[in-house]
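Here is the structure we will look at.
Proteins get letters first, then strands, A, B, ... in listed order; numbering begins at 1 in each. Remember, it's a predicted structure, so these values are computed and weren't measured experimentally.
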Amino acid sequence: MSAWFGLAWVCVLMAVAVFALLNGRAQNSSAAVYGACFLISFVGLLAALIHLISGAPESEIVLPLGLPWIGAHFRVDALTAFFLAVVNLGGAAACLYAIGYARHEAEPQRSTPFVPAFLAGMNLVVLAGDAFSFLFAWEFMSLSSWALVMAHHREEGVARAGYVYIVMASFGTLALLLAFGLLAGPQGDYAFAAIRAHQASPLRAGFILALALAGAGSKAGLVPLHVWLPLAHPAAPSHVSALMSGVMTKVAVYGFIRIVFDLLGPPQWWQGLPILAIGGGSAVLGVLYAMMQTDLKRVLAYSTIENIGLIFVGLGLALAFEANGFRTAAALALTAALFHVLNHAFFKSLLFFGAGAVLVATGEREMDRLGGLIRRMPVTSFVFLIGCMAISALPPLNGFASEWLAFQAILLSPQLPQWGLKLLVPAVGALLALSAALAAACFVRVYGIVFLGRPRFAAAKGAEEVDQWSLAAMASLAALCVIAGVLPGLVIDGLAPVAQALVGARMPAQASLPWLSIAPIAESRSSYNGLLVFAFIAMSASLAAYVIHRFASRALRRAPAWDCGYPDASPLTQYSAEGFAQPIRRVFGTFVFRASERIDMPAPGETRPARIDVTLHDLAWELIYAPIALAVSFVAERLNRIQYLTIRIYLSLVFFSLVFLLLALAVWP
Amino acid sequence: MGHLEFDVAHLFAGGLVLVSFMLLYQDRLYALLNVFALQAVVLALSVSWQAYVQGAPHLYVTAAIALFFKAIIVPMALHRIIARLGVHREVENVVSTGPTMLAGMGLVALSMVVMLRVTSAAVPLAREDLAFALSVVLLGLLMMVTRNNAVSQIVGFMSLENGLILAATGAKGMPLVVEISVAFSVLIAFIVIGTLLFRIRERFDTIDAEALDRFRGGRR
């Protein structure tokens, strides 16, 4: 695939966006638009995969657009091709899903034109070959996704989500702008090829790393720059939530990899430290936040933060290994991170689609108002279960494969010579293990409350299975989760050219190993066979099911006579989402959330119900953002005076500043 | 270039600065307009001398525009405005004359220092011209800053623009279209401000710009 092809299909997407804008109110136009987007993204996916697998050479074009003395560069290499595949896979799935989902939207024309534009923007970020095109595409992506967040702008909280999002997006772009400014250096070479040619000094490299971490990290959702993400992702329509969580965060990861691994030149060992620390912190905090939420889509959004943390841990490890010359280990860590990028795109999109299906069927996002959907929506429940298992990193699904690779890389850390890394990496590994366990608890909670038990309210009781398009999108993603989990060797081999290009080494070829097992370093050290695990689980599960049905079902059963004093238990007495989270809140909450519980017990004889009130604090807001907001409003209050001066004083300001500048010119040596 | 050409150009440009000083201390509106017309005449003379010296006939057009619009049309129009508004007796002194003149001298000195330093590579005629032009611009700004009356602010603005034209003609090779478009944009600004004057007058019974601020209300 040449860069021309990539650009052509960005243009086609933009044409579709314009078409959607013109025909917004026409009947069925949204289905046509999403259908077209699906086809385009699918072709893009195929082209990117072919490029990646065939090992086609890099292709670069320069167009006379943008800044006059730079032009617009677009290039396709292995990294680009991989992320193009992720973007277009997520895009194709979301568009397929949206063909059905958009029918249930009250005003589909509010989001229809922006989805192709958003897809085009993400493709363009990945294709960009110079700083100017990159930033332009990045900002285009941010703005079109902002428009999508604001699609339901009349709903409560959406306007605030949009506001916080656009502020944080501007901050991120500013940080990236400064990072590219530092990368370009005094000679102002903004093309990536020119940036790559010269080496930044260590101090400047540190600044660039910090700015890239702030810019790409705020878009990806690293703690503490994550605050916009759990507001904005759930506010958008569900297919857009899936795109933002599953794909746009990956584009941010791409930006980070491009700057830090490609443009910054050979890494220093200490550059891994901040990435590892922030990644580990994000992983644990993200899943703890997710555990405390009761809004289904918000749980998923917070869980994105956890997964992004995991990906950044992999990237930090790769950087640390590469700086010390352990290229194979670096390739392992990088492959784990990229594999998880792919996996997260699979299962997070799937889960957001599932949440959207629940929303369509019941109109509810509050988990405590749902329940028992497994009987009303069997197919959705099944694929959602696969997504939950995958994100909880259960074998034989794909989440396990990538997290296992990440842990294999962590286990190599004692080889590292620096004590800082020797100490930090196992600690981060412990954080990852903790977050993996908490993620499993979190998704047991989600699945148990939403799909199992009995319906808590009428909306859940009358739920209907969603349409075929949505089911097809979810089922294909679920199938991909299973395939990538059972055959991880295929993915690892597919990622080999990317690792080769970025860290100069690749993992050993997995295709040659017998029985489709994978071995990250050598078979003698550790290996994993997804197929075998899958076969074992399938066999033992069917055996158990058979035994239960054969022997247990026919056994004599007695109905309870008293049923613990609740003969006609209300569905509301079932385990609630809050209740499930309570033990974890008690363990971590006082420290991480400053949680406090207040029990309001009526006196004996009173008839009012007892209450338990839980207050949680988001420390990121209170310690970082609230002081900044206070400072900004303080300064604005002081500067407000300037708005109310007389015309003459404004003129005097101009006059005196002119005189001052002339004076400066006059006395300049 | 001969000695005479240089001296005459110097004379006219210096005359322009001198007339700017005369503008600064006029506090009667009619006198102000007369001095402004005089400034336009001096400008026209200076520009036509430049046209003669540089052998650039299109500068004669610029001179004619300056003479026609700035020395005749604009002062007459302002005259009529003042007569219709009946404000010819208004005396205004936000900053008194003495400090204003002193500040003006400082500005001229400043522009000399800056321009002579910055343009050391240019020909002497252009250097002097630019230095004088910057003085005229700064004096016009000073006038806008030190006056409250809207009419005198317009005059300050127009004299500032005279300085710009002087600078433009001093630099060789400035295309005619630029000068004409600058002249017309100033004319349009003049029309807009003139219309605005009547509106202000209708509402507030004065053309003191401070009244606008009182109407808008101070700080919330």
Over 12 non-hydrogen atoms of neighbours within 6.0 angstrom of CH2 in B:W49: yes

Flag if over 12 foreign heavy atoms under 6.0 Å of CZ, B:F12: yes

Enclosure of A:Y625 OH (heavy-atom neighbours >12, cutoff 6.0 Å): yes

From CG (A:L663) to CG (B:L110), nearest 0.5 Å: 5.0 Å

Crowding at CZ, A:R204 (>12 non-hydrogen neighbours, <6.0 Å): yes

Proximity breakdown for B:L142 and chain A, heavy-atom pairs closer than 4.5 Å: both

From CA spacing to verdict: side-chain contact (heavy atoms from CB on, under 4.5 Å), B:V113, A:L662: CA-CA 9 Å; B:V113 172; A:L662 286 176; over 6 Å; no

side-chain contact (heavy atoms from CB on, under 4.5 Å) assessment of B:L107 paired with A:F655: CA-CA 11 Å; B:L107 290 177; A:F655 177 68; 3.4 Å; yes

Neighbour count above 12 (heavy atom, 6.0 Å) for B:M101 CE: yes

Residue A:I649 versus chain B: region with a heavy atom under 4.5 Å: neither

